[in-house]
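Quick notes on the structure that follows.
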Amino acid sequence: MVNRVGSQSFATSSTASTSFVGRRRELKEARATVSRSRLTTLTGPGGVGKTRLGIEVGQRLQTHFRDGAWMVDLGSLNPGAPISPIVASALAIQDQSNRGALERVTDYLQDKELLLFLDNCEHVLSGAGELVDRVLATAPGVRILTTSREPLSMAGEAIYPVPPLATPSVEDDHAVQDLERFESIALFVDRARNVVGDFAITPENQRAVIELCTRLDGMPLAIELAVARLQSMSVTQLLDRLDQRFQLLSRGSRTAQPRHRTLQALIDWSYELCTPEEQVLWQRLSVFPSSFDLEAAEEICSFDGLVPDLVLDLLDRLVAKSILLTERNGEAVRYRQLMTVREYGADRLNDGAATELRRRHRDCFLRRAETMVEQWSTPRQGEFILRARTERPNSMAALQWSVATPGEINAAARLAVALRHHWVSDGYLSEGRFWLDRVLGEYDDAPERHERGSALWVVAWVSLLQGDHEAGAEYLAECRRVATALGDDGLLAHTEHWSGLYGIFTGDLSTAIVHYERAVAAHDRVGDLHSPDDRTALVGCRFHP
């Protein structure tokens, strides 16, 4: 999730859709830290509220920066993945060259004055550290705020540990009217009233509320997950059930942090409160790295005993139990899991189910990408562009799995090729070339395949638009060789097509005309109605004449 700050709100995500409770001291100290340090990292365990505090800091400081503030959620990236492309996308930097994303980001930021908020860095520490180091060295007007379970460990990094919310002592006597001065109690009451409108602390439930918040160590995520159960349980029943789960897990690893054990215990408990069907869907939904729609959930998760007709009802029940969050944009509704909840579900998938799920996930988004190609030259083009942007995390996850999994390279090539309009029209030339080159690299010493030939002409198109004309010519020469070896007139048509574009970019117009005439005849001969027309082929001419 990426949000720009200017005159608009810093965060429009569901993370910031609830009231900000407490944290006055932390907010003041974190703001002061950001003001005096160019790099501030909010650290703490998962669920402690790092993101929410970071959003609030950004909201309070956005007017202090001439170019506003920008938020980049790195949570949907795979471990170790490069972060520069998603940051470039957040900053709306045009990708019309063969420069890497990191170079484009640093060049863009060098004269800017803004706050860059990088959220969820713990699984991409190396890439985050590289980008932060370069930005700090080249962009003196930029300050960076990050959240991570561990510091970036960089020179000059100011580390601000985000503590749990304050909790009252179980042993002390407290007046009912004084309890909400403790932040954990205030959060519990605020969220409880969203579930039970007339909720109040009473002499009857006072002790249970105090003990519940204390047993949850004041962790905001843990409190919010527990409060969701108030629609069917009392506070005392919550405490009784929670107490059993904590006792059960007290013999876990003694080296783990207590709060990690507590959060694990709460999620274990939430999991076991689900029906077997809900548990299965929870596990399978972990395949989505970010948000997803109902149709994708039905198509991907419905197998081995879970029928499509059940998915909608199960989704609704998981939303009610706060296992899923909803995101609404007009009449469109999407779903997502918190990262901790998603990882919990993934850990419970056996290897066979995980492989089947990944393949079904890839096939779903491959079909969607190929449908975009088939209907590109229709009035629905704008709709498909928006859909490709929305589904980008899913498409990238599917592509990465396919490239990395033995036996899936042809499907990976099909997906990388089907995403060509996303690479070209949405400004992801460098990333598209990266994935196409990775796909082609997996075909070493393999028999010639139509899928490899298709990847060659698409990467040639991308290279030409980047201005890397000689590389484009090399890709086209290899594509022509593959097409000839296979006797594939369709590949040969594309080879002629993009050879024409090469001729235009290199100033050889007479040769370009010859190639285009051959391409038109070849496309007609094979009945290819989905290939871009000459006007689309000329996209980028004004950038690289």
Walk me through it: do S291 and R334 pass the test side chain to side chain donor-acceptor pair (under 3.5 Å)? CA-CA 6 Å; S291 67; R334 295 179 67 82; 2.9 Å; yes
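- No more than 12 heavy atoms of other residues, nucleotides or ligands lie within 6.0 Å of CG in N329, so this atom counts as exposed by the packing criterion.
- The shortest distance between side-chain heavy atoms of L77 and M396 does not fall below 4.5 Å.
- With E224 as the fixed residue, the salt bridge (charged side-chain N to carboxylate O under 4.0 Å, His left out) test singles out one of R229, R191, R52: R191.
- If you take CG on N194 and CD on Q231, they are separated by 12.0 Å, rounding to the nearest 0.5 Å.
- Tested against V72 for a side-chain contact (heavy atoms from CB on, under 4.5 Å), the candidates L91, I83, I86 yield a single pass: I86.
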Practice prompt. Carefully, step by step, assess E56 and R60 under the rule side-chain contact (heavy atoms from CB on, under 4.5 Å).
Written response: CA-CA 6 Å; E56 199 69 18; R60 305 295 178 92; 3.0 Å; yes
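- By the 6.0 Å contact criterion, CZ on R328 is open, its count of non-hydrogen atoms from other residues, nucleotides or ligands being 12 or less.
- The backbone N or O of T138 lies less than 3.5 Å from no partner atom in the side chain of T106, so there is not a single donor-acceptor pair.
- The two atoms that bring R66 and D111 nearest to each other are NH2-O, 2.8 Å, heavy atoms only.
- A donor and an acceptor atom, one from each side chain of T146 and T41, are located under 3.5 Å apart.
- Here the CD-CG distance, from E157 to L136, works out to 10.0 Å after rounding to the nearest 0.5 Å.
- Heavy-atom minimum distance, V462 versus L429: CG1-O, 3.3 Å.
- A distance of 11.0 Å separates CG of L315 from OG1 of T326, quoted to the nearest 0.5 Å.
- A cation-pi arrangement is present between R284 and F303, with the terminal nitrogen or guanidinium carbon under 6.0 Å from the aromatic centre and inside a 45° cone about the axis.
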Working for side-chain contact (heavy atoms from CB on, under 4.5 Å), residues I55 and M71: CA-CA 8 Å; I55 288 172; M71 178 178 177; 4.0 Å; yes
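- E103 and R134 are not joined by a salt bridge, as no carboxylate oxygen comes within less than 4.0 angstrom of a charged side-chain nitrogen.
- The shortest heavy-atom contact between L165 and E183 is CD2-OE1, 3.6 Å.
- Proximity of F20 to L27: side-chain heavy atoms (C-beta onward) are separated by under 4.5 Å at one or more points.
- Judged by distance alone, the side chain of E356 and the main-chain N or O of A353 form no donor-acceptor pair under 3.5 Å.
- Remark: R317 engages E278 in a salt bridge, criterion side-chain N to carboxylate O under 4.0 Å.
- Considering only heavy atoms from C-beta on, Q279 stays 4.5 Å or farther from L281 through its side chain.
- For T355 (side chain) and D351 (main-chain N/O), a donor-acceptor pair under 3.5 Å exists by modelled atom type.
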Salt bridge (charged side-chain N to carboxylate O under 4.0 Å, His left out) assessment of E327 paired with R336: CA-CA 8 Å; E327 299 175 346; R336 69 179 180 89; 2.9 Å; yes
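- Proximity of a side-chain donor or acceptor of K321 to a complementary backbone N or O of A228 within less than 3.5 Å is not detected.
- The two residues V105 and S84 come nearest to each other via the heavy atoms CG2-O, 3.9 Å.
- The shortest distance between side-chain heavy atoms of C274 and L318 falls below 4.5 Å.
- Ionic pairing of D268 and R348 is present here: one or more N-O contacts between side-chain nitrogen and carboxylate oxygen are shorter than 4.0 angstrom.
- Counting heavy atoms from C-beta on, the side chains of R368 and E295 come closer than 4.5 Å.
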Full working for side-chain contact (heavy atoms from CB on, under 4.5 Å) between L285 and C301:
CA-CA 7 Å; L285 291 176; C301 299; 3.9 Å; yes
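- At least one side-chain heavy atom of D293 sits less than 4.5 Å from a side-chain heavy atom of E391.
- A donor-acceptor pair under 3.5 Å is formed between the side chain of S184 and the backbone N or O of A166.
- Of the charged side-chain nitrogens involved, at least one lies within less than 4.0 Å of a carboxylate oxygen, so that E26 and R23 count as a salt-bridged pair.
- Salt bridge E442/R438: absent, no basic N to carboxylate O contact under 4.0 Å.
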Run the side-chain donor-acceptor check on residues 112-122: report pairs under 3.5 Å with partners two or more places apart or on a different chain.
{"unit_1": "K112", "atom_1": "NZ", "unit_2": "Y108", "atom_2": "O", "d": "3.2"}
{"unit_1": "D119", "atom_1": "OD1", "unit_2": "T51", "atom_2": "OG1", "d": "2.8"}
{"unit_1": "D119", "atom_1": "OD1", "unit_2": "T147", "atom_2": "OG1", "d": "2.4"}
{"unit_1": "D119", "atom_1": "OD2", "unit_2": "T51", "atom_2": "OG1", "d": "2.9"}
{"unit_1": "N120", "atom_1": "ND2", "unit_2": "D73", "atom_2": "OD1", "d": "3.0"}
{"unit_1": "E122", "atom_1": "OE1", "unit_2": "R149", "atom_2": "N", "d": "3.1"}

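- Residues A455 and L440 approach most closely at CB-CD2, 3.8 Å, considering heavy atoms.
- Atom CD1 in I185 sits 13.0 Å away from atom CG in D190 (nearest 0.5 Å).
- The two residues L102 and E130 come nearest to each other via the heavy atoms CD2-OE2, 3.5 Å.
- Expressed to the nearest 0.5 Å, how far CG of L109 lies from CG of D67 amounts to 9.0 Å.
- The side-chain heavy atoms of V373 and R420, taken from C-beta on, include a pair separated by under 4.5 Å.
- H422 contributes atom NE2, which lies 7.5 Å from atom CE of M372 (distance to the nearest 0.5 angstrom).
- Not one N or O on the side chain of R31 forms a donor-acceptor pair closer than 3.5 Å with the backbone of L61.
- Using a 4.0 Å cut-off between a side-chain N of Lys or Arg and a carboxylate O of Asp or Glu, D426 and R392 do not qualify as a salt bridge.
- The side chain to side chain donor-acceptor pair (under 3.5 Å) check on R193 picks up nothing, with sequence neighbours excluded.
- For residues 324-348, the pairs satisfying ring-ring contact (aromatic ring centres under 6.0 Å, His included) are Y271-Y344, W282-Y344, F292-Y335, with sequence neighbours left out.
- A donor-acceptor pair is defined here as one N or O able to donate and one able to accept, closer than 3.5 Å; no such pair exists between the side chain of S89 and the backbone of P85.
- Between the side chain of S302 and the backbone N or O of E299, no donor-acceptor pair lies under 3.5 Å.
- Ring geometry for F288 versus F365: interplanar angle over 60°, hence perpendicular rather than tilted (30 to 60°).
- The closest side-chain heavy-atom distance from Y428 to F434 is not below 4.5 Å.
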inquiry  = side-chain contact (heavy atoms from CB on, under 4.5 Å), that's the test. Do L230 and F188 meet it? Break it down for me.
reply    = CA-CA 11 Å; L230 291 179; F188 185 94; 4.1 Å; yes
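- Under 4.0 Å is where a charged nitrogen must lie from a carboxylate oxygen, and between R362 and E408 at least one such pair does.
- Atom CG of N350 sits in a crowded spot, with more than 12 heavy atoms from other residues, nucleotides or ligands closer than 6.0 Å.
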